[in-house]
Structure formats: structure tokens, C-alpha cells
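Quick caveat: nothing in here was measured; it's all calculated off a predicted structure.
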Amino acid sequence: MEPLIVLDRVTRIYRMGDVEVRALDDVSLSVEVGGFVAIMGASGSGKSTLMNLIGCLDRPTSGRYLLEGQEVSRLGRDALAEIRNRMLGFVFQSFNLLTRTSAVENVELPLIYAGVPAAERRRRAAEALRRVGLDGRLDHHPSQLSGGQQQRVAIARALVTQPRVILADEPTGNLDSRTSVEVMALLTDLNAAGLTVVLVTHEPDIAACAGRVVRMQDGRIHSDERRAAAAVGAAAPREARP
């Protein structure tokens, strides 16, 4: 089986005046269908740039990026937007929910951009919320939901377009220990159901839930370790965050 994600000798250079910053330097990485990969690294290591490239939010300066066998490195803005909507689901640390909009309406948003009719949007959004355990919260606004429930709404929004890949950028960064375990259990279940998951985190106990940990340093892959994923919640709990 061909890998779902292939980065082939990818370099990303940013220029700030006369200064050249190599955010990624000759990185090669492949992720198989159904993989669960955690990307770790210190600030400035290149992990966020790597996630942006995988998510078609940026393009490499050199090298190739193939997604499901299609080279997307040089596609235009509209083509990249269509790929993001069709193949990729995004989950962020800050949830990025519309505060004056209900849970089901937040989940419907990607389907509006995709031109899905209203009745079908509502059906699919309700099903996505049921899948993450929030079928009784469809009409609740973010202010009426806990942090963990808001992240579940965000995950449902990522799922509603039936993507091939979930890209999660520090999805537990604003959550306490117990809620982090719940969110990671949900991502693990989705991966077990066949979804490919790529996760950025700086927390070893969160990365331990993945079957593969890629560590970035100075824009390069420092290590790439495959191992049996730890049971969710097996690591020592972290202090609750405010």
C-alpha cells in the first residue's frame, strides 16, 4: 500500500529582510494509511511548519509533497483549499469555535463551504456530534460547554467532511489532565476506526498515545521511533490548567 502522506526532501525557507531562516531543512517523511504519528520538538524546531505543509496551509520552497499519490507542492490556492476541505480535518488548541453559534452550526461550517444542502448539512453535523458523544448538546453554544466538550465539537467539525487525515495541533494544550485523557481516548478510537492522525504536541504523555513519535530539531527530523502506543491515561496525570 502506498503511503498516504509523503514528504520528499522538503525544505521551507522564510526570508525576513536579509535574513534567511530554514524552518525545514531537507525533511523526508511518509505516513501510512491508518497511522497515528506524534510530532514533537522545542519551539523553533520546525514542527509547526511541518504541520502547515502537511495541512496544505503552506508550500515547500523545494522538495515534493504527495498526498494520496497526488503531488500538491505546486498547486494553486483554490486547489489547495479544495483538498483541505475534502481530505483534511483540523483540530486546534484554542478550539476556534464561533461563540454565538450553536454546536451543530459550528460543525456545519465546512459543509457550507463545500456547498452541501442545508438538510444534509444538519444531518451530517448531528451525526458527527453523536460520534463524539455530544448528541445531547446540538443546540448548546460554546459558553454552555466545558473545555473538553468544546474540543469535541471541534473534532466533530473536523470529522464532518469525512476526511482521510485528522491534523491535531496541541489539541490538549488548553485542557486539564482528566479532560486531556478523554480527548486522546476519542482520537485513539477514531484512529482505530481507520482515520490517519497526525498530532503536534510538546507533552510526552500525549505523544505516548501514538504508535510513532517523530522528534524535530533545528528544522530536521532528529528521531523517528515506532513503538506500541501506551494506554490512554497510563502516564502520570498533569496539573489541571486554568
Practice item. Can you see which heavy atom on Pro142 is nearest to which on Thr99, and at what distance? Key: CD-O, 3.6 Å

**Study point:** Backbone N/O of Phe92 and side chain of Asp169: donor-acceptor pair under 3.5 Å
**Key:** no

Check your understanding: Passes side-chain contact (heavy atoms from CB on, under 4.5 Å), Leu199 versus Ile39? Steps please.
Key -> CA-CA 6 Å; Leu199 166 80; Ile39 301 172; over 6 Å; no

Check your understanding: If every non-hydrogen atom of Gly63 is compared with every non-hydrogen atom of Ser73, which pair is closest and at what distance?
Key -> O-OG, 3.9 Å

Check your understanding: Given side chains that start at C-beta, do those of Val91 and Ile155 come closer than 4.5 Å, heavy atoms only?
Key -> yes

Review point. Would one find more than 12 heavy atoms of other residues, nucleotides or ligands at under 6.0 Å from atom CG of Asp26?
Key: yes

Review point. Is the count of non-hydrogen atoms from other residues, nucleotides or ligands lying under 6.0 Å from Arg100 atom CZ greater than 12?
Key: no

**Study point:** Heavy-atom side-chain proximity of Phe95 to Leu145 below 4.5 angstrom
**Key:** no

Practice item. Give the intermediate values and the outcome of salt bridge (Lys or Arg N to Asp or Glu O under 4.0 Å) for residues Arg123 and Glu127. Key: CA-CA 6 Å; Arg123 185 194 68 77; Glu127 170 59 23; over 6 Å; no

Practice item. Find out if a path of hydrophobic residues (ILVMFWY) with successive side-chain heavy-atom gaps under 4.5 Å connects Val104 to Leu109. Key: no

Review point. Does a side-chain heavy-atom distance below 4.5 Å link Ser28 with Val10?
Key: no

Review point. Got a donor-acceptor contact below 3.5 angstrom from the Gln151 side chain to the Gly148 backbone?
Key: no

Review point. What do you reckon, is CZ of Arg77 surrounded by more than 12 foreign heavy atoms closer than 6.0 Å?
Key: no

Check your understanding: Is there a donor-acceptor pair under 3.5 Å between the side chain of Gln149 and the backbone N or O of Ser146?
Key -> yes

Check your understanding: Distance from Leu80 atom CG to Leu57 atom CG, nearest 0.5 Å?
Key -> 9.0 Å

Review point. Below 4.0 angstrom, N of the basic side chain to O of the carboxylate: do Glu108 and Arg122 qualify?
Key: yes

Review point. If we only count heavy atoms from C-beta on, is the Leu29 to Ile5 side-chain gap below 4.5 Å?
Key: no

Check your understanding: Between Asp58 and Tyr65, is any side-chain donor less than 3.5 angstrom from a side-chain acceptor?
Key -> no

Review point. Do Met16 and Val21 have side-chain heavy atoms sitting under 4.5 Å apart?
Key: yes

Check your understanding: If you round to the nearest 0.5 Å, how far is OG1 of Thr172 from CD of Glu182?
Key -> 12.5 Å

Review point. Hey, any chance Val213 and Met216 share a hydrophobic cluster, counting ILVMFWY side chains that come within less than 4.5 Å of each other, even indirectly?
Key: no

Exercise for review: Report the distance from atom CG of Asn106 to atom CG of Leu97, rounding to the nearest 0.5 Å.
Suggested key: 4.5 Å

Exercise for review: Say whether Ile83 and Leu4 are linked into one hydrophobic cluster, either directly or through other cluster members, by side-chain heavy-atom distances under 4.5 angstrom.
Suggested key: yes

Practice item. State, yes or no, whether a side-chain contact exists between Leu24 and Val27 at a heavy-atom distance under 4.5 Å. Key: yes

Check your understanding: Hydrophobic clusters join Ile, Leu, Val, Met, Phe, Trp and Tyr when side-chain heavy atoms are under 4.5 Å apart, directly or via other members; which others share one with Leu66?
Key -> Val6

Practice item. Compute whether any side-chain donor of one residue and acceptor of the other, for Glu105 and Ser102, lie under 3.5 angstrom apart. Key: yes

Check your understanding: Judged by atom type as modelled, is there a donor-acceptor pair below 3.5 Å linking the side chain of Arg131 to the main-chain atoms of Leu159?
Key -> no

Review point. Measuring from Phe36:CZ to Leu195:CG, what's the distance to the nearest 0.5 Å?
Key: 11.0 Å

Revision key, fill the gap. Rounded to the nearest 0.5 angstrom, the CG-CG distance for Leu67 and Leu75 is 10.0 Å

Review point. So Leu88 and Cys56, side-chain contact (heavy atoms from CB on, under 4.5 Å) or not? Walk me through it.
Key: CA-CA 9 Å; Leu88 305 172; Cys56 295; 4.2 Å; yes

Exercise for review: For Arg22 and Ile13, indicate whether the former's side chain and the latter's backbone hold a donor-acceptor pair under 3.5 Å.
Suggested key: no

Review point. Do Arg12 and Glu20 meet the salt-bridge criterion of a basic N to acidic O distance under 4.0 Å?
Key: no

Exercise for review: Could you tell me whether Tyr113 atom OH has more than 12 heavy atoms of other residues or ligands within 6.0 Å of it?
Suggested key: no

Exercise for review: Measure the CG-CD distance between Asp139 and Gln144 for me, rounded to the nearest 0.5 Å.
Suggested key: 9.5 Å

Study note, to complete from the structure: When every non-hydrogen atom of Gly34 is compared with those of Thr196, the smallest separation belongs to N-OG1, 2.8 Å

Point to revise | Cationic N near anionic O, under 4.0 Å, Arg64 to Asp8 | key: yes

Review point. Which heavy atom in Val214 sits nearest to a heavy atom in Val37, and how many Å separate them?
Key: CG2-CG1, 3.9 Å

Point to revise | pair Arg137-Val153: side-chain heavy atoms closer than 4.5 Å | key: no

Exercise for review: Of all the heavy-atom pairs spanning Val198 and Met51, show the shortest one and how long it is.
Suggested key: O-CE, 3.5 Å

Review point. Just by distance, do the side chain of Lys47 and the backbone of Gly41 share a donor-acceptor pair under 3.5 Å?
Key: yes

**Study point:** Connected via hydrophobic side-chain network under 4.5 Å: Leu98 and Val107
**Key:** no

Review point. Same cluster for Ile54 and Met40 if Ile/Leu/Val/Met/Phe/Trp/Tyr side chains link at under 4.5 Å?
Key: no

Check your understanding: Taking atom types as modelled and ignoring hydrogens, do the side chains of Thr49 and Asn52 form a donor-acceptor contact shorter than 3.5 angstrom?
Key -> no

Check your understanding: Can you check whether Met87 reaches Thr161 side chain to side chain, under 4.5 Å on heavy atoms?
Key -> no

Review point. Is the number of heavy atoms from other residues, nucleotides or ligands within 6.0 Å of CZ (Arg9) greater than 12?
Key: no

Review point. Looking only at heavy atoms, which two atoms of Cys209 and Met184 are closest? And how far apart?
Key: CB-CE, 3.8 Å

